[in-house]
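Some notes on the structure that comes next.
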Amino acid sequence: MMDSIAQLLEKIEGTIIKDKATLESFRRDFISKKGHIARLFEAFKQFSIAEKKAIGPALNSLKNQAQKKFKNAASVLESDAVPSTAQPVVDVTLPAFGPIIGSLHPLTIVQNRIISIFQRMGFNLVEGPEIVGDWHNFSALNFPENHPARDMQDTFFLQRNPDQLLRTHTTSVQISTCVAQSPPIRSIAVGRVFRNEAISARSHCFFHQVDGMYIHTDVTFSDLKGTIYHFVESMFGQATKLRFRASYFPFTEPSAEVDMNCRLCQGKGCTVCKHSGWVEILGAGMIDPNVLTNCHIDPEQYSGFAFGMGIERIAMLRYQIDDLRLFSENHLAFLRQFTAC
Ligand code: DAH
């Protein structure tokens, strides 16, 4: 027995505990209830009282030494796991960082504002698809077949079905709305439109438009002017100057284009206003009787006005942005400027 105790003591002293795994195997092999020391205690029971007196102290000292070695090693490993005081201390009294929140895209901000201005005037928001047939985008809007007016808007046709195309203007929604509803109709449609144009600071192959119309008995050009003036003043302020220029659109007669004084250069001349001091912001006019007839609305009984504008153009003027590409390039330094808007 005394030999076994001596051998075990040698083994315990020779065991190197370097990590948690060796600490655990040390515990299991020597200290646990099924370990070597427990087995010696089991054998110890069979000895006579006299023998026990001789062996007992050696066995107890073996047990104490094993437990002491285990405790020391455990506390050394434990203290290694705790970061030392030399490492940076977290100062819990400092003010907390605010959460990083996103912001609305400037086009969304402007679009929401345009919608709310027109909704306050009684216009309903309507929707239409981005892929439409020729009829909705051109024919029903009084673009004659093979007429050069169709070239005003360079079109993307779908390869699998050339009668389908990416809408070139949200004016196509006028047709689906007039077909689905009957007068009085006062609606605006907003959304993305597509044109086969080279990408530059002033043009893009996709952009966003708002298109509005009002159809009722006795709607006049004065109603159109009043609506446009109210919109522009709500969007840009009372001091804004406007001018109506005669123009041509197949779906309106008479037609006009509306210019606003350039807010980027205050009239001094810049690339956005092409050094004229004026920027075109929308097209408008009285809905052509042919368009009403195409939608089964009697032009003898009803008249209407319509208008359409680019949301990018309005956003450029509102935020003094001189490059159209910024809206779709997702530079965070640009987008983060609109967090407070
Ligand atoms: N659809 C025209 C364009 O994209 C804009 C426009 C002009 C819309 C006159 C209208 C309108 O509703 O009446 O250039």
Side-chain angles (χ1 to χ4, degrees), residues 111 114-115 118 121 123-130 132 134-143 147-156 165-179 185-197 202-216 219-228 231-232 242-260 279-292 294-295 297 299 302-314 324:
Q111 176 178 303
I114 295 173
I115 292 172
F118 282 108
M121 284 194 268
F123 286 79
N124 293 311
L125 188 60
V126 291
E127 280 188 339
E130 290 180 349
V132 292
D134 173 279
W135 194 74
H136 280 86
N137 200 77
F138 291 125
S139 300
L141 284 166
N142 203 31
F143 284 83
H147 191 278
R150 290 187 184 226
D151 297 339
M152 284 164 75
Q153 302 174 357
D154 229 340
T155 312
F156 287 115
L165 49 96
L166 298 182
R167 67 179 177 195
T168 59
H169 51 183
T170 42
T171 316
S172 59
V173 188
Q174 280 184 21
I175 302 302
S176 39
T177 308
C178 284
V179 168
I185 302 171
R186 194 158 22 188
S187 64
I188 50 162
V190 296
R192 190 174 285 195
V193 301
F194 307 84
R195 291 187 197 176
N196 188 7
E197 278 178 23
R202 299 179 52 86
S203 68
H204 211 292
C205 57
F206 68 82
F207 52 99
H208 299 78
Q209 284 190 334
V210 181
D211 202 283
M213 65 175 168
Y214 176 42
I215 303 172
H216 203 347
V219 175
T220 66
F221 203 92
S222 304
D223 297 319
L224 169 65
K225 280 186 94 172
T227 305
I228 298 302
F231 162 71
V232 173
L242 284 186
R243 68 178 188 191
F244 282 68
R245 274 184 294 109
S247 185
Y248 168 75
F249 298 104
F251 35 91
T252 44
E253 182 58 37
S255 304
E257 278 174 323
V258 180
D259 298 339
M260 173 183 134
V279 190
E280 183 204 315
I281 53 164
L282 56 90
M286 299 307 292
I287 300 177
D288 194 290
N290 289 343
V291 175
L292 295 177
N294 288 337
C295 301
I297 293 172
Y302 295 106
S303 56
F305 68 70
F307 58 87
M309 69 188 111
I311 299 179
E312 277 83 351
R313 179 64 60 84
I314 305 294
L324 193 59

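When a ligand or atom number is given, it counts from 1 through the structure's own listing order. Just so you know, these numbers come straight off a predicted model, no measurement behind them.
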Does the side chain of Asn137 pick up a donor-acceptor pair with the side chain of Thr168 at under 3.5 Å?
->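 Checked: Asn137/Thr168 side chains pair up, N/O donor to acceptor below 3.5 Å.
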Indicate whether any N or O donor in one side chain lies under 3.5 Å from an N or O acceptor in the other, for Ser139 and Asp134.
->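 Yes - a donor-acceptor pair under 3.5 Å links their side chains.
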Taking the six-membered ring for Trp, is the centroid-to-centroid distance between Phe231 and Phe118 below 6.0 Å?
->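 Yes, the ring centres sit under 6.0 Å apart.
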Steps toward side-chain hydrogen bond (donor to acceptor under 3.5 Å, both in side chains) verdict (His208, Glu312) = CA-CA 7 Å; His208 299 78; Glu312 277 83 351; 2.8 Å; yes
Counterpart residues, side chain to side chain contact (heavy atoms under 4.5 Å, CB included), relative to Asn290 (two or more places apart) =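 Once residues adjacent in sequence are excluded, the partners of Asn290 under the side chain to side chain contact (heavy atoms under 4.5 Å, CB included) criterion are Asn142, Asp288.
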Shell of residues surrounding ligand 1, defined by a 4.0 angstrom heavy-atom cut-off that is strict |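 Ligand 1 pocket, heavy atoms under 4.0 Å: Gln153, His169, Thr171, Gln174, Arg195, Gln209, Asp211, Phe249, Phe251, Thr252, Gly283, Ala284, Gly285, Ala306, Phe307, Gly308.
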Determine whether more than 12 heavy atoms belonging to other residues, nucleotides or ligands lie under 6.0 Å from atom CD of Glu127.
->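 Open: at most 12 neighbouring heavy atoms sit under 6.0 Å from CD of Glu127.
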